[in-house]
Amino acid sequence: MADVQTDQDTITITLPDGSERTYAAGTTGREIAESIGAGLARDALAIKVNGAVQDLSRPIDTDATIAILTWRDAEGKETFWHSSAHLMAEALQALYPGVKFTIGPPIDQGFYYDIDPSGHQISSDDFEQIEAKMQELAQRDVAYERRAVSKDEAIDYYEDAGNEYKLELIEALDDGDITFYEQGDFTDLCRGPHIPSTGRIKYPKLLSVAGAYWRGDEQNPQLTRIYGITFPKQKLLEDFLEKRRLAKERDHRKLGKELGLFTFNSEKVGPGLPLWLPKGATLRETLQNFLKDEQLRRGYEPVITPHIGRLELYRTSGHYPYYKESQFPPIRMGDEDADYLLKPMNCPHHTQIYDNDLHSYRDLPVRLAEFGQVYRYEKSGELGGLTRVRGFTVDDAHIFCRPDQVKAEVKDAIDLALKVLRALDFKEFRAQVSLRDPNDTEKYVGSDERWDQAEQAIREAADEMGLDAIEVEGEAAFYGPKLDFMVKDVLDREWQLGTVQIDYNLPERFDLTYIDEHDDRQRPVMIHRAPFGSLERFIGVLIEHTGGDFPTWLAPVQAKILPIGDDFNDYAREVANRLRAADIRVKVDDSDETVGYKIRQAETAKVPYMLVVGGREEEAGTVAVRQHGEGQQDVVPVETFIDRLQAEVDAALS
RNA sequence: GCUGACGUAGCUCAACUGGUAGAGCAGCUCACUUGUAAUGAGCAGGUUGGGGGUUCGAGUCCCUUCGUCAGCUCCA
């Protein structure tokens with residue numbers, strides 16, 4: 001279909017390397033690919049013409065800059081998976097007559113299709129059969145054919161099919177802008193583009209089935225969503241499955257259990273309420289101490305507030321009833337005419353600490369820090385491991401400052417967050433600046449002018465700190481813009497960890513003030529910041545990031561002393577005492593086991609250092625050092641080992 | 001909360017179409033006294049998540065409830 005009529009007989013095509021080639025007008029992408037090379041033609045999935053991805057079969061009528069897309073291009077993969085969604089739909093149509101198709105887009109890793117099963121029940125047990133059908137269909141290697149249809153034609157087609165979902169989609173489309181794609185017996189309303197033919201899709205794998213609401217709205221009917229992924233080569237599928245297997249190995253829920261860090265085992269305690277075991281608590285306190293020290297150096301002051309507060313506090317702050325649904329219900333005592341709320345946030349309490357004193361502009365900023373435990377009633381289906389819990393700890397601090405100090409404070413908060421990420425070797429994270437939605441300024445508190453200032457401050461601070469932050473409009477909280485650090489877990493799910501948020505709302509609501517140089521009362525700006533975010537979530541992601549091999553400074557047990565026999569238990573204990581005196585976390589394995597067994601135990605527990613001691617060591621006052629995962633190292637005096645370990649810890653935290 | 005899957009010893013997992021709940025590891029006891037990733041033997045360990053039902057008989061089938069997982073929705 002020639003959209004653009006031109007008088008040109010020939011067209012000039014510019015390739016990604018900048019070279020130009022001349023073709024007859026109407027040459028297709030496939031022909032261009034063939035003219036470049038047989039290999040490229042074989043791998044070609046789609047073509048990008050002046051920035052728009054389209055089918056290889058479509059003729060090109062004008063001069064254009066093009067790129068032939070293959071599996072190596074993100075857009076090539078996207079097209080491949082989109083076409084795979086159609087192939088899966090064809091298989092489903094063959095196996096489950098009457099199912100209605102809605103939407104089936106590609107995603108980061110594969111694709112899904114939302115269907116109305118129309119009475120069929122599809123479960124993961126059926127995956128093998130569906131995959132087999134997909135392979136069978138793919139082997140027929142039929143073309144994906146694009147067909148422009150009129151709106152009436154499209155409506156007729158789906159009225160015949162009785163597919164109200166597609167009709168709803170067509171409703172929103174303009175006549176003349178509607179296309180069907182067909183492959184084999186399957187026809188789908190689709191914008192495209194698609195790969196040339198089904199034969200490219202050789203290795204399908206269905207991943208999961210779940211409910212999803214039509215158009216993501218809880219009020220709408222629930223559809224069945226089937227997730228899948230496909231590959232052109234077996235090796236790629238195997239690599240993908242291997243990666244998933246490895247990810248499962250690193251799952252923090254599994255490692256948390258194996259390493260004895262935390263447990264959710266007791267149904268009596270309640271869902272989403274983690275119990276920290278001694279080793280996990282040690283790890284967590286070590287992390288907290290690291291941050292406390294860092295904060296002291298940066299002028300933060302510690303505060304401590306109770307776990308509950310009067311409901312009135314949260315009415316004033318505006319959190320209640322706005323977030324009523326995700327809070328534990330208020331507690332009412334019979335003899336007191338007031339309700340109490342289990343605190344969902346620390347900030348209201350902190351405002352009251354600020355308000356305990358009269359503040360001069362000279363005193364600002366005031367930085368109040370607390371590891372504050374908060375409680376939120378997350379929906380049951382939302383809970384998961386440590387990443388989503390109902391009771392968690394925020395490494396919260398609230399900075400009360402003058403408007404002219406905002407940028408410097410945001411910069412310091414970013415610096416602190418970066419320090420934390422660096423100390424824990426997080427190299428892959430994303431920084432996101434969330435701004436207000438320019439089309440819906442109604443839902444935000446505070447004047448436009450203030451928002452402009454705040455957004456500018458946060459943007460400049462991010463920029464000056466060298467952050468390559470992406471900006472997203474409409475993601476800001478109602479009270480101010482924010483900057484978040486996001487990190488992915490082993491399953492590639494992205495979690496928000498650290499955050500810096502500017503807030504003009506709470507100082508207003510609590511009528512917080514400071515006295516300026518003209519003896520006038522002024523409103524301070526509040527900055528919420530939490531470099532870890534939630535300790536629980538952070539540690540969950542950290543476990544997966546390290547695979548349980550924590551850096552020495554964080555390891556719950558840093559060294560385990562392994563006497564080779566009972567005769568050396570005393571010496572082992574003596575060494576342990578010397579290490580403890582140097583603040584090293586140490587355990588002695590004085591069980592009746594062989595050294596080989598003790599080593600195995602320590603290795604599987606991922607203890608960084610094993611110190612084997614026997615007669616030779618006792619006589620010389622030494623330890624035989626074995627490093628986790630590295631095997632036997634050397635035999636050194638106890639003091640040397642202490643010095644080394646301390647140097648390692650200092651280096652990691654500097 | 002919704003849809004689906006799952007729940008057997010502390011952990012990891014067995015138990016054909018309904019027919020006496022098993023194993024390895026961990027634990028305990030005893031022996032061994034060990035030199036760099038599992039010493040040997042023995043013992044103990046369960047109302048098969050809870051409740052109800054069908055059946056001569058239920059880990060297995062049905063209902064219900066709690067929990068876990070995946071996804072949806074939401075997230076101060």
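For the numbers below, each heavy atom of this structure counts, side chains included, while hydrogens, waters and symmetry mates do not. Residue numbers start from 1 in every chain, and the chains themselves are labelled A, B, ... in the order their sequence lines are given, proteins ahead of strands.
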For B/G42, the Watson-Crick or wobble counterpart (both distances under 3.5 Å): B/C28
Pair partner, B/G67 [Watson-Crick or wobble, under 3.5 Å]: B/C6
So A/Tyr112, base contact, sugar-phosphate only, or nothing? Heavy-atom distance under 4.0 Å. nothing
Heavy atoms under 4.0 Å, any strand shown: does A/Gly480 hit a base, just sugar-phosphate, or nothing? nothing
Picking from B/G71, B/G1, B/G67, the nucleotide nearest the side-chain atoms of A/Pro271 would be B/G67
Kindly say whether, by distance alone, the side chain of A/Arg388 makes a donor-acceptor pair under 3.5 Å with the base of B/C75? yes
Which pairs, with at least one residue in residues 114-123 of chain A and sequence neighbours excluded, count as a salt bridge (charged side-chain N to carboxylate O under 4.0 Å, His left out)? A/Asp114-A/Arg225
Side chains of residues 339-349 of chain A: which donor-acceptor partners sit under 3.5 Å, not counting sequence neighbours?
| from | atom 1 | to | atom 2 | distance (Å) |
| --- | --- | --- | --- | --- |
| A/Asp339 | OD1 | A/Arg332 | NE | 2.6 |
| A/Asp339 | OD1 | A/Arg332 | NH2 | 3.2 |
| A/Tyr340 | OH | A/Arg310 | NE | 3.4 |
| A/Tyr340 | OH | A/Glu336 | OE2 | 2.7 |
| A/Lys343 | NZ | A/Thr305 | OG1 | 2.7 |
| A/Lys343 | NZ | A/Pro306 | O | 3.0 |
| A/Lys343 | NZ | A/Asn346 | OD1 | 3.0 |
| A/Asn346 | ND2 | A/Asp396 | OD2 | 3.0 |
| A/His349 | ND1 | A/Tyr314 | OH | 3.4 |
| A/His349 | NE2 | A/Ile308 | O | 3.4 |

A/Arg600 side chain: which of B/U39, B/A76, B/A37 is closest? B/A37
Taking side chain to side chain donor-acceptor pair (under 3.5 Å) as the definition, give me every residue that meets it alongside A/Ser317, ordered by chain and number, with sequence neighbours left out. A/His319
Classify A/Gln633 by what it touches in the nucleic acid, base, sugar-phosphate, or nothing, heavy-atom distance under 4.0 Å. nothing
Salt bridge (charged side-chain N to carboxylate O under 4.0 Å, His left out) involving A/Glu267 - partner list, sequence neighbours excluded: none
Partner of B/A23 by Watson-Crick or G-U wobble geometry, both contacts under 3.5 Å, or none? B/U12
Counting only Watson-Crick pairs (N1-N3 plus N6-O4 or O6-N4) and G-U wobbles (N1-O2, O6-N3), all under 3.5 Å, who is the partner of B/U36? none
For nucleotides 30-36 of chain B, read 5' to 3', which letter fits each nucleotide if B means a protein heavy atom sits under 4.0 Å from the base, S means only the sugar-phosphate is that close, and - means neither? --BBBBB
Could you please name the partner base of B/U17, counting Watson-Crick and G-U wobble pairs only when both distances are under 3.5 Å? none
So, is the end of the A/Arg390 side chain (NZ or CZ) under 6.0 Å from the ring centre of A/Tyr377 and within 45° of the ring's axis? yes
Which nucleotides of nucleotides 2-13 of chain B have their base under 4.0 Å from a protein heavy atom (B), which only their sugar-phosphate (S), and which neither (-), written as one string 5' to 3'? BBS------SS-
Just to be sure I understand the rule, does A/Phe264 reach a base, reach only the sugar-phosphate, or reach nothing, if contact means heavy atoms closer than 4.0 Å? nothing
Tell me if the side-chain of A/Ser326 makes a donor-acceptor pair with the base of B/A76, cut-off 3.5 Å, by modelled atom types. yes
